[in-house]
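Only a predicted model underlies this, so the values are computations on that prediction, with no experimental measurement involved.
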Amino acid sequence: MTPFAAGLLLLASWALPLLLGFLAGRAYRVGRNRVALGLLLFGGFLGLLARPRPLGLLLLLLGLGLGYGRLR
């Protein structure tokens with residue numbers, strides 16, 4: 001595997017928990033609780049797979065906080 005591909009894979013493994021946390025926060029905010037729970041569980045699973053482990057879960061929580069913020 002080339003270093004470029006490995007870097008892209010690492011970036012995606014960090015970005016997905018952040019994005020799923022953001023979407024879960026938005027879904028919870030508008031009342032879609034089951035959707036939010038599913039996104040949060042899958043984001044947590046991906047956050048556990050990301051290396052280093054605490055960073056993936058921290059990014060999930062950061063995305064959740066950003067998504068739960070004020071709606072425009």
Side-chain angles (χ1 to χ4, degrees):
M1 181 182 292
T2 65
F4 179 72
L8 264 156
L9 187 61
L10 184 64
L11 183 63
S13 72
W14 287 344
L16 278 175
L18 180 70
L19 176 68
L20 290 173
F22 179 79
L23 292 175
R26 287 290 177 184
Y28 183 73
R29 180 74 184 220
V30 297
R32 305 282 301 191
N33 296 335
R34 291 178 65 189
V35 172
L37 182 62
L39 288 169
L40 192 62
L41 287 174
F42 189 60
F45 173 70
L46 290 179
L48 285 174
L49 290 179
R51 302 275 186 216
R53 210 169 298 288
L55 182 63
L57 295 177
L58 179 68
L59 288 172
L60 176 70
L61 292 176
L62 178 67
L64 186 63
L66 289 173
Y68 191 74
R70 260 182 56 189
L71 290 176
R72 293 181 194 152

Is it possible for you to say whether [X] and [Y] belong to one hydrophobic cluster, with membership spreading through side-chain heavy-atom contacts below 4.5 Å?
X: L9; Y: W14; answer: no
X: L62; Y: L10; answer: yes
X: L48; Y: L23; answer: no

What's the spacing between [X] [atom1] and [Y] [atom2] if we round to 0.5 Å?
X: L60; Y: L55; atom1: CG; atom2: CG; answer: 11.5 Å
X: L64; Y: L59; atom1: CG; atom2: CG; answer: 12.5 Å
X: S13; Y: L18; atom1: OG; atom2: CG; answer: 12.0 Å

Let me have the donor-acceptor pairs involving side chains of residues 30-47, under 3.5 Å, with sequence neighbours excluded, atom names and distances please.
none

(request) Would you name the heavy atoms of G56 and P17 that are closest together and state the gap between them? (result) O-CB, 3.7 Å
(request) Taking all heavy atoms of R26 and all of L66, pick out the closest pair and write down the distance. (result) NH2-O, 4.4 Å
